[in-house]
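To start, the structure under review is shown below, and the notes come after it.
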Number of protein chains: 2
Amino acid sequence: MRIFHCEMEITLDVIGGKWKGLILYYVIQKPRRTGELKRLVHNISQKMLVQTLRELEADGLIHRKMYNQVPPKVEYSTTELGQSLEPIFKLLCNWGANYADESYAPDEIEILHLK
Amino acid sequence: MRIFHCEMEITLDVIGGKWKGLILYYVIQKPRRTGELKRLVHNISQKMLVQTLRELEADGLIHRKMYNQVPPKVEYSTTELGQSLEPIFKLLCNWGANYADESYAPDEIEILHLK
DNA sequence: CAGTATCCCCAGAGATACTG
DNA sequence: CAGTATCTCTGGGGATACTG
């Protein structure tokens, strides 16, 4: 039996933590391969990437599709539940952009958009 | 010079981490005293509570008002920037409630709302 | 009551090597 | 390329005691 003290705790239990938010952010945009995520999520180790992906999968937020080929190919995509976070994540990004505008001088911050 | 790779990283830099989300959640609802937060944010230590409050204050999300009286009284409230998270946090809570509905059997979860 | 100062620990995370 | 297995380690965070 899991005990929570408000709905926010539930949400944070599922998408909180050091890496979940960022990984979800990229998988929500479009299906992503493992190596792609490793490149996008700066500084994450192979270990933490796989571990976090397993947790997101176990919680029903993403789906893991494996192609039986050599070399191996795996693609992660959102489930319906995971994709339902998309509008919220968009708001969170907008908020962050606005925060940067208000709280950083132009020469104190740089945003390097990867593709 | 701070480097980010997407707007999401900025947001997570400000409101990510183990305790910030939950503390903000309660302060957004209404001004809160220290002891009140300690009671609401389950399992947080005095040290982490104060430390996190200082970070939120330094990042301009909350304001600390001190009453010069004995015994001391301190009240934390949101700044305009902090309060601008309110609609997003509401969505996050709704999402968590919906997640609980979909992913937990009724006897696997309990939500103890404190006041 | 609110906050500081210490001490200290261990789980979470990094590094490396290896496999199919 | 994707993933596992180990080993290591460090710093985030817990516990405690103390102050104004």
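All of these numbers come straight from a predicted model, not from anything done at the bench. Throughout, a chain's letter reflects where its sequence line sits, starting with A, and its residues are numbered from 1.
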Measure the CD1-CG distance between B:Ile3 and A:Leu112 for me, rounded to the nearest 0.5 Å.
->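 Separation between the atoms: 5.0 Å.
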Could you check how far [atom1] of [X] sits from [atom2] of [N], rounded to whole Å?
{"X": "B:Leu49", "N": "D:dT16", "atom1": "CG", "atom2": "P", "value": "18 Å"}
{"X": "B:Leu37", "N": "C:dA2", "atom1": "CG", "atom2": "P", "value": "9 Å"}
{"X": "B:His42", "N": "D:dG13", "atom1": "NE2", "atom2": "P", "value": "18 Å"}
{"X": "A:Lys65", "N": "D:dA2", "atom1": "NZ", "atom2": "P", "value": "15 Å"}
{"X": "B:Tyr67", "N": "D:dG20", "atom1": "OH", "atom2": "C1'", "value": "20 Å"}
{"X": "B:Asn43", "N": "D:dG14", "atom1": "CG", "atom2": "P", "value": "8 Å"}
{"X": "A:Glu75", "N": "D:dA2", "atom1": "CD", "atom2": "P", "value": "10 Å"}
{"X": "A:Arg39", "N": "D:dC1", "atom1": "CZ", "atom2": "P", "value": "11 Å"}

For C:dG3, give its Watson-Crick or G-U wobble partner with both distances under 3.5 Å, or none.
->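 Its partner is D:dC18.
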Please determine, for D:dT10, whether a Watson-Crick or G-U wobble partner exists with both distances under 3.5 Å, and give it or none.
->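 C:dA11 is the nucleotide pairing with D:dT10.
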Just wondering, do A:Leu53 and A:Leu49 contact through their side chains at under 4.5 Å, heavy atoms?
->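 Contact flag for A:Leu49/A:Leu53 side chains = yes.
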Would you call B:Arg2 and A:Glu108 a salt bridge, using N to O less than 4.0 angstrom?
->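 No, this pair does not count.
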Please say whether more than 12 non-hydrogen atoms of neighbouring residues, nucleotides or ligands are located less than 6.0 Å from CD in A:Glu80.
->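 Result for CD/A:Glu80: open.
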Could you work out which one of [options] sits closest to the side chain of [X]?
{"X": "B:Lys18", "options": "C:dG14, D:dG14, D:dG3", "result": "D:dG14"}
{"X": "A:Pro71", "options": "D:dC1, C:dT6, C:dG3", "result": "D:dC1"}
{"X": "A:Tyr76", "options": "C:dG3, C:dG14, D:dG3", "result": "D:dG3"}
{"X": "A:Lys47", "options": "D:dG13, C:dA13, D:dG3", "result": "C:dA13"}
{"X": "A:Arg54", "options": "D:dT4, C:dA2, C:dA13", "result": "D:dT4"}
{"X": "B:Gln46", "options": "D:dG14, C:dT4, D:dG3", "result": "C:dT4"}

Between A:Ile44 and A:Pro72, which is nearer to the 5' end of DNA chain C once each is assigned its nearest nucleotide?
->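 Residue closer to the 5' terminus by nearest nucleotide: A:Ile44.
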For DNA chain C, whose closest nucleotide is more 5', that of A:Gly17 or that of B:Arg33?
->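 With A:Gly17 and B:Arg33 compared, the 5'-side residue is B:Arg33.
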Mind running side chain to side chain donor-acceptor pair (under 3.5 Å) on A:Glu7 and B:His113 for me, showing each step along the way?
-> CA-CA 9 Å; A:Glu7 281 73 16; B:His113 286 275; 3.2 Å; yes
Reckon A:Ser45 has a side-chain N or O less than 4.0 Å from the OP1 or OP2 of C:dA15?
->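 No, because none of the side-chain N or O atoms of A:Ser45 sits under 4.0 Å from OP1 or OP2 of C:dA15.
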